[in-house]
Number of protein chains: 4
Amino acid sequence: MSTTPRTARGTRTRARLVAAAEEVFGSLGYHDASIVKITEEAGVGLGTFYLYFEGKQAIFDEVVEDLNRRVRHAMTEAARAAGNRIDAERAGFRAFFRFTAEHPALYRIIRQAEFVSPGALRMHYTRIVNGYVEGLKAAREAGDIREMDVDTVAWALMGIGEMLGMRWVLWNKEADTEAGAVAEIPEAEFEEMMRFIERGMAPVAPGKGAGE
Amino acid sequence: MSTTPRTARGTRTRARLVAAAEEVFGSLGYHDASIVKITEEAGVGLGTFYLYFEGKQAIFDEVVEDLNRRVRHAMTEAARAAGNRIDAERAGFRAFFRFTAEHPALYRIIRQAEFVSPGALRMHYTRIVNGYVEGLKAAREAGDIREMDVDTVAWALMGIGEMLGMRWVLWNKEADTEAGAVAEIPEAEFEEMMRFIERGMAPVAPGKGAGE
Amino acid sequence: MSTTPRTARGTRTRARLVAAAEEVFGSLGYHDASIVKITEEAGVGLGTFYLYFEGKQAIFDEVVEDLNRRVRHAMTEAARAAGNRIDAERAGFRAFFRFTAEHPALYRIIRQAEFVSPGALRMHYTRIVNGYVEGLKAAREAGDIREMDVDTVAWALMGIGEMLGMRWVLWNKEADTEAGAVAEIPEAEFEEMMRFIERGMAPVAPGKGAGE
Amino acid sequence: MSTTPRTARGTRTRARLVAAAEEVFGSLGYHDASIVKITEEAGVGLGTFYLYFEGKQAIFDEVVEDLNRRVRHAMTEAARAAGNRIDAERAGFRAFFRFTAEHPALYRIIRQAEFVSPGALRMHYTRIVNGYVEGLKAAREAGDIREMDVDTVAWALMGIGEMLGMRWVLWNKEADTEAGAVAEIPEAEFEEMMRFIERGMAPVAPGKGAGE
DNA sequence: GATGAATGAGTATTCATTCAT
DNA sequence: AATGAATGAATACTCATTCAT
């Protein structure tokens, strides 16, 4: 997207800008983030920004894209490392929360995107949901979960993740946690949420219902 | 909030401003909404605005408060009208989606609030969730749903509602629907979502599991 | 053009801006003239500018329009005051030079207009030329000048006026004249120019040729 | 002017830059012409520009100088080829218009120069006028034209040429002429203009007045 | 000789807010 | 109560110029 650097130095500079933008968008929000603030954070001159990005929106889109790629990567890696299918699912979910806990900017940025870049917003959710859909389809075929409209359920999972993540990460009950500290996911609540989800998807087969 | 009008005329003016603000914030977003645009939409002079509101944030908070009150009212009314507890739950949910479909501004406005007015954002979700919590507690006591951490589940429901609402209302599959048309909630998906939720909450008792 | 003020105060402010713009455009040129400089010269706040003008171009066009109206006014007034037709012509020409001597900005501004506002440029020349054309037609009908394509001749007169005006006003031989001093039109050269023009237009009739 | 290349390759590069600058200045105007655009048009790297020119003004001056040299060359060549003095004069004028028709950039560039490079502007007009002065002096001595202040008349001719040229070349009545097409000088108007000029200069001697 | 990454001063424009009427 | 003229801080973006490679 935007202009691609032609030298190694340029590549470094561009990457520094994206990192700085994530930081600044995350803490100030899109509108209060200014290009100057981003370039200062990145330690480059103002004009340099326009060497690599067409404007504020362009770098915003790129930050969303970048975070999206990384959160999905974290999720698939975690799932892959898990033993069986049901553990994989939990691992993926946990990775999602861990990532957002470490990158609260993700929420803040995404939730801004409605007016800033609707396309980026939709892309972000859709890609993650697609990951869920794949997983659910496989599980369904394996008989691990019941017959159901995986699409609707996948979006529901996305909603659960977003809302609980917001609650845990952004509204960190111990609001007095010093800034910068990574929010801890409350294990008990996470488990409660997972059980709720698993009951909702449990296969029909009597005796092995997730309800117990 | 802000200044209260002393005359009937003043009350009307103030109300016109709130209505205009809902419209403008909803279609333009907080930052692109300007006070001039709001006053023009309201058909009053620019200076008049500051007679009733301390500033842009103040009217934003009021709009959020107003929408929140109305959506909750719609939900409780619908639930009250229902026959039994399980129907009440569905009715409430359906009312939520209907309201958001009729007021897409709600989403757009709320999702902006993260940086504009974090307090208003939290207030909005918390009040709705509290409504869920009350309902769930009663249902739990009646044995209609299982023993569980209703708090966590209530937030999960909030998340499901927000995400599916966004999907149905904002990303209206038939994007060619003429602007202004109220989005139709897809009944099949709504039912699928409700079943997912009900299975997640179904009481343990064998034989009456929501799973079937 | 642009926004019209609704109050007397506004009208005054707007007029001050136009005057300031003439001054600043004239001494700095379009590109080095900044809105701040114009508003400072006018003694109003920066934002005030945008109350009355859509932008830099808009006020430029208005300045051209204004100067054009005034130079034509000066010319017709002078011509009207003259006794006979031949004197009227000279008087008009002289008024043109006097006006440009008093408003050197006219040249500087007009000559910039090629890229800034081609429409304004053309309008300026065309309106003045139209004045010449009217005069020449009347003179031709009265037999004061010969049969000829008055259009072409009128444009030629415009060119002569512009070039000699530029020479006299802008390149004021005594360049050491303190800035702000009004350039003096060299009478001898003016007369030489008028004779050249008059010979070019003189009626065919022998005996009354302007050539003698 | 500026740095002189030391190699044949350098000479070519420099020439390409001047040509590109004529093109870019001509179509975009001084201020909207950027060094990048010039170097892109020339097909060289940005930094290369500063190898041969001190800055934007420097290349502008050079372009003016170059165009000036070429238009005068065209005029003297045409005049030399003509048989007698009166034909030489017409031929020179015609060459002037033809050149400007083929290089409309000339006008556009020159008319910008007022603030960009007043020296270049004056130089341009003065050199051409000097050519006229030489011709007029010779003609006067030969008795082909009357006694008169050739200086003033020469500037008048310059003005006529510039204004009618602008009219013919820039405002090409058939504006629908496809871009890039060379404007055709309207013969009838050209002749009318020449007759006007010739009458203005015609010798006193009765019987051979240009007036007939 | 040639290049293009880096820079930051400069500028048009927007908009929340104040205040005299 | 209502108005709208006035303000200036804030900000995205451009571009001539430098310089290390």
Side-chain angles (χ1 to χ4, degrees), chain A residues 3 5-14 31-39 43-57, chain B residues 3 5-14 31-39 44-57, chain C residues 3 5-14 31-39 43-57, chain D residues 3 5-14 31-39 44-59:
Chain A
T3 316
R6 265 165 246 293
T7 70
R9 187 192 179 190
T11 309
R12 263 190 330 269
T13 303
R14 194 179 194 284
H31 281 96
D32 289 339
S34 70
I35 308 294
V36 211
K37 279 170 191 152
I38 292 173
T39 52
V44 304
L46 167 59
T48 309
F49 176 89
Y50 292 92
L51 243 38
Y52 301 110
F53 301 96
E54 259 158 43
K56 202 178 174 181
Q57 251 235 60
Chain B
T3 315
R6 265 165 245 290
T7 70
R9 185 189 178 194
T11 310
R12 267 196 323 274
T13 303
R14 192 178 196 285
H31 280 97
D32 289 339
S34 69
I35 307 294
V36 210
K37 277 171 193 151
I38 292 172
T39 53
V44 305
L46 167 60
T48 310
F49 176 88
Y50 289 90
L51 249 34
Y52 301 110
F53 301 95
E54 261 159 39
K56 200 178 176 182
Q57 251 233 59
Chain C
T3 316
R6 266 164 248 290
T7 70
R9 188 190 179 193
T11 310
R12 262 191 330 270
T13 303
R14 194 178 195 285
H31 281 96
D32 289 337
S34 69
I35 309 293
V36 212
K37 278 169 190 153
I38 292 173
T39 51
V44 304
L46 169 56
T48 308
F49 176 89
Y50 291 91
L51 243 39
Y52 301 110
F53 301 96
E54 258 158 43
K56 202 178 173 181
Q57 250 235 62
Chain D
T3 315
R6 266 166 244 293
T7 70
R9 186 191 179 190
T11 310
R12 266 196 323 274
T13 302
R14 193 179 195 284
H31 281 98
D32 289 338
S34 69
I35 307 295
V36 210
K37 278 171 191 151
I38 293 173
T39 52
V44 304
L46 167 58
T48 309
F49 176 88
Y50 290 89
L51 249 34
Y52 300 110
F53 301 95
E54 261 158 40
K56 200 178 175 182
Q57 250 233 59
I59 202 176

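Each chain gets a letter, A, B and so on, in the order its sequence line appears, and its residues count up from 1.
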Asks: 5'-most contact on DNA chain E: C:V36 or B:K37, nearest heavy atom basis?
Replies: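 Its nearest nucleotide being more 5', the pick is C:V36.
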Asks: Please state how far atom CZ in B:F49 lies from atom P in E:dA16, giving the value in whole angstrom units.
Replies: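 Whole-Å distance recorded here is 9 Å.
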Asks: Does F:dT14 have OP1 or OP2 under 4.0 Å away from a side-chain N or O of A:Y50?
Replies: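 Result: no.
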Asks: Please pick, from F:dA16, E:dA2, E:dT13, the nucleotide with the shortest atom-to-atom distance to any side-chain atom of D:L51.
Replies: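 Given the options F:dA16, E:dA2, E:dT13, the side chain of D:L51 is closest to E:dA2.
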Asks: Roughly, in whole Å, what's the span from CD1 in C:I38 to P in E:dA12?
Replies: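 Computing the C:I38:CD1 to E:dA12:P distance gives 8 Å.
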Asks: A:L46 has a side chain; which of F:dA5, E:dA6, E:dG10 sits nearest to it?
Replies: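 Of the candidates, E:dG10 comes closest.
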Asks: Please confirm whether the shortest side-chain N or O distance from A:Y52 to OP1 or OP2 of E:dA5 is below 4.0 Å.
Replies: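 The answer is no; no side-chain N or O of A:Y52 sits under 4.0 Å from OP1 or OP2.
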Asks: Both B:T7 and C:P5 contact DNA chain F. Taking the nearest nucleotide for each, which residue is further toward the 5' end?
Replies: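 Here B:T7 is the residue nearer the 5' end.
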Asks: Quick one: which of F:dT7, F:dA12, E:dT7 gets closest to the side chain of A:V44?
Replies: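 Looking only at heavy atoms from C-beta outward on A:V44, the closest nucleotide is E:dT7.
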Asks: Go through DNA chain E and write down every stem, that is, every run of at least three consecutive Watson-Crick or G-U wobble pairs with distances under 3.5 Å, as range with range.
Replies: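 Result, WC/G-U stems under 3.5 Å: E:2-21 with F:2-21.
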Asks: A:T39 and A:G45: which non-hydrogen atoms are nearest, and at how many Å?
Replies: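 Looking at all heavy atoms of both residues, the closest pair is CG2-O, 3.7 Å.
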Asks: Could you give the CZ-to-P distance, from B:F53 to E:dT18, as a whole number of Å?
Replies: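 It works out to 16 Å between those atoms.
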Asks: Give the minimum heavy-atom separation between C:K37 and C:D32, together with the two atoms involved.
Replies: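 Between these two residues, the closest heavy atoms are NZ-O, 3.2 Å.
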Asks: Using the side-chain heavy atoms of D:S34, tell me which of these nucleotides is nearest: F:dA1, E:dG1, F:dA16.
Replies: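 From the listed options, F:dA16 comes nearest.
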Asks: Nearest to the side chain of A:T48, which nucleotide is it out of E:dA6, E:dT3, F:dT3?
Replies: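 For A:T48, the side-chain atoms sit closest to E:dA6.
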Asks: Check C:P5 against C:G10 and note the closest heavy-atom contact, atom names and distance.
Replies: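 Looks like CB-C, 3.4 Å.
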Asks: Check the pair D:F53, D:I35 against side chain to side chain contact (heavy atoms under 4.5 Å, CB included), reporting the backbone distance first and the verdict last.
Replies: CA-CA 11 Å; D:F53 301 95; D:I35 307 295; over 6 Å; no
Asks: Rounded to whole angstrom units, what separation is found between the CD1 atom of A:I35 and the P atom of F:dA12?
Replies: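 Result: 5 Å.
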Asks: Let's see if you can work this out: which of F:dA5, F:dA1, E:dG1 has an atom nearest to the side-chain heavy atoms of C:R9?
Replies: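 Ranking F:dA5, F:dA1, E:dG1 by closest atom to the C:R9 side chain puts F:dA5 first.
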Asks: Of all heavy-atom pairs between A:T13 and A:V44, which one has the smallest distance, and what is that distance?
Replies: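 Reported closest heavy-atom pair: CG2-CG1, 3.9 Å.
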Asks: Where the side chain of B:K56 is defined as all heavy atoms beyond and including C-beta, which of F:dT11, E:dT17, E:dT13 is the nearest nucleotide?
Replies: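 Selected nucleotide: E:dT17.
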Asks: Output yes when at least one side-chain N/O atom of D:T13 is less than 4.0 Å from OP1 or OP2 of E:dA2, else no.
Replies: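 Answer is yes, contact under 4.0 Å.
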Asks: Toward the 5' end of DNA chain E, which comes first, B:G47 or A:G45, by nearest nucleotide?
Replies: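 The answer here is A:G45.
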Asks: Round to a whole Å and report the spacing from NE2 of D:H31 to C1' of E:dT11.
Replies: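 Taking atom C1' of E:dT11 as the reference, NE2 of D:H31 is at 13 Å.
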Asks: Could you tell me whether A:A8 contacts a base, only the sugar-phosphate backbone, or nothing, with contacts defined as non-hydrogen atoms closer than 4.0 Å?
Replies: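 Nothing, no heavy atom under 4.0 Å.
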Asks: So which atom in A:H31 and which in A:K56 form the shortest heavy-atom distance, rounded to 0.1 Å?
Replies: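 Closest approach of A:H31 to A:K56: O-NZ, 3.6 Å.
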